[in-house]
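Single-structure report; data block below.
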Number of protein chains: 2
Amino acid sequence: MQSFTEENYLKIIYHLAENTNNVQTNAIAEQMQTKPASVTDMIKKLADKGFIDYVKYQGVTMTEKGRNAAIDIVRKHRLWEVFLVDKLNFKWDEVHDVAEELEHIKSTALIERLDEFLGFPKSDPHGDPIPDKNGRFAKTQFTKLIELKIGDSGTITGVSQHSSAFLKHLEKLGLTLGKQIQINDVTDFDGSVEILILDKQINISREVAKHILISSNGKN
Amino acid sequence: MQSFTEENYLKIIYHLAENTNNVQTNAIAEQMQTKPASVTDMIKKLADKGFIDYVKYQGVTMTEKGRNAAIDIVRKHRLWEVFLVDKLNFKWDEVHDVAEELEHIKSTALIERLDEFLGFPKSDPHGDPIPDKNGRFAKTQFTKLIELKIGDSGTITGVSQHSSAFLKHLEKLGLTLGKQIQINDVTDFDGSVEILILDKQINISREVAKHILISSNGKN
DNA sequence: TATTTTTTTTAGATTTACCTAAAAATTTAA
DNA sequence: TTAAATTTTTAGGTAAATCTAAAAAAAATA
């Protein structure tokens, strides 16, 4: 059984490892909002416990054990988010911080019963997949909106930024999960994107377009 | 905002203060499963923060601030217990430890919405009253079963022991909340108590009788 | 390839919540 | 009311997770 801090490190290393092979000390420090020196201490400890492989100056990779531990935390986080939105009527931009605390509650029975209570949801309010109790989940095939070409269309199925500010902004623009969109134009000058949703033409910045995930068509 | 440990101390001091004026170091140590020396350290800290009044060698009493903080934790604990039993189908003997973790989640919005989701329950699965969001709750008028005389009757409305072993035992005997009972006899030799529930005659030990709370009649 | 810059680690402190052992105060009992 | 027992506190230390400052290694650049 790990401490809250260890769990947070594992989760962050897991997410960073989705994009790079060797996860670097500085990257972890930034995510954990702590100093690189503190990270070095902790990754030694996590390596001792067999959660990660660590070579000095080379960064870390997750072991099978570490990955399983991280997936378990991610599962809990996402199930709690569904609970908060579906049952307690939280908005999708209000759930992150609370789920960040709830994910550390240690009880297998609790999480299995919660899963059942929620009807075994496959994805959370932000479109992220929820691992089942064996840690399995569909690797989702998302395209970033920014990568689409003029004329392309698809459905908003996820976001890669969970900050309240970002999500509130999307909400205001009507860009919520499940919405159909089509790329009308891309502005050369600032790279902003003209999109069509429900016959309405709107313009979103590159920064926003980067964090909207689209599934090519008709898919769930 | 207090640490988990501080919250646990506050809760325990609050409960101990229900029975005595000055809560003693040793009593706290026993409840916290720690050493008296550690308690001395912590009560100094809690006194510095204004949660308790502390006079060396004289024990502690709660301040208004401390009481409010403690009641808030108790409220959370009991609401989560209701959630676990009513929504997730936990048994009344399975909820204590999980609620012990959940009570430390810091979010006023969460607990208010949970309260609403549960229908603003007035008592938890063990019959303990749930403070409302202003910290108010009915001071319940319970009598311990052990204090009843032959011929007395009443309704089981609470228990003063939350251990799984005790609650499972009660369940097996059919002694659950809401059951009507009547005292038929008290055995001189071991002080055990003969009681009648639903026309069935059973014998319970003094130890068990001490922890069953009865409301005199018809009351909820 | 040598030098500069960046990244990472080490060394030594700090804070929180604990501990043990011993001293001090209080309470109980002779 | 003194002695014994109990309770509480103090003193000094430990482990976890953090920090700063400085040293070492790796990467980038001239």
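Order of the sequence lines fixes the chain letters, A, B, ..., with proteins taken first and strands second; residue numbering starts at 1 for each chain.
- At least one test fails for A:R67 against the ring of A:Y14: distance under 6.0 Å to the centre or angle within 45° of the axis.
- Listed nucleotides: C:dT26, C:dT7, C:dT10. Nearest to the side chain of A:A37: C:dT10.
- Among the nucleotides D:dT9, C:dC18, C:dT9, the one closest to the side chain of B:D41 is C:dC18.
- Distances shorter than 4.0 Å separate some side-chain N or O of A:Q24 from OP1 or OP2 on C:dT8.
- Side-chain proximity of B:Y9 to C:dT8, C:dT20, C:dC18: nearest is C:dC18.
- Put simply, CD on B:E112 and CG on B:L110 are 10.0 Å apart, with the number rounded to the nearest 0.5 Å.
- Counting any heavy atom pair closer than 4.0 Å across all strands shown, B:S38 reaches a base atom.
- Closest to the side chain of B:K44, from the set C:dA25, D:dT10, C:dC19, is D:dT10.
- Taking side-chain N and O atoms only, A:T40 has no distance below 4.0 Å to OP1 or OP2 of C:dT10.
- Relative orientation of the B:F4 and A:F4 rings is perpendicular, given thresholds of 30° and 60° on the angle between their planes.
- Each of A:I43 and B:Q33 has a nearest nucleotide on DNA chain C; the 5'-most of these lies closest to A:I43.
- Residue contacts shown for B:Y54 are limited to sugar-phosphate atoms, with no base heavy atom under 4.0 Å away.
- With hydrogens and angles disregarded, no donor-acceptor distance shorter than 3.5 Å links the side chain of A:N134 to the backbone of A:R136.
- Under 4.0 angstrom from either OP1 or OP2 of D:dA16 there lies no side-chain N or O belonging to A:T5.
- OP1 or OP2 of C:dT10 sits under 4.0 Å from a side-chain N or O of A:K56.
- Remark on DNA chain D: of its neighbouring residues A:Y57 and A:P36, the 5'-side contact belongs to A:P36, judged by nearest-heavy-atom nucleotide.
- Close to C:dT8, at under 4.0 Å from its OP1 or OP2, lies a side-chain N or O of A:N26.
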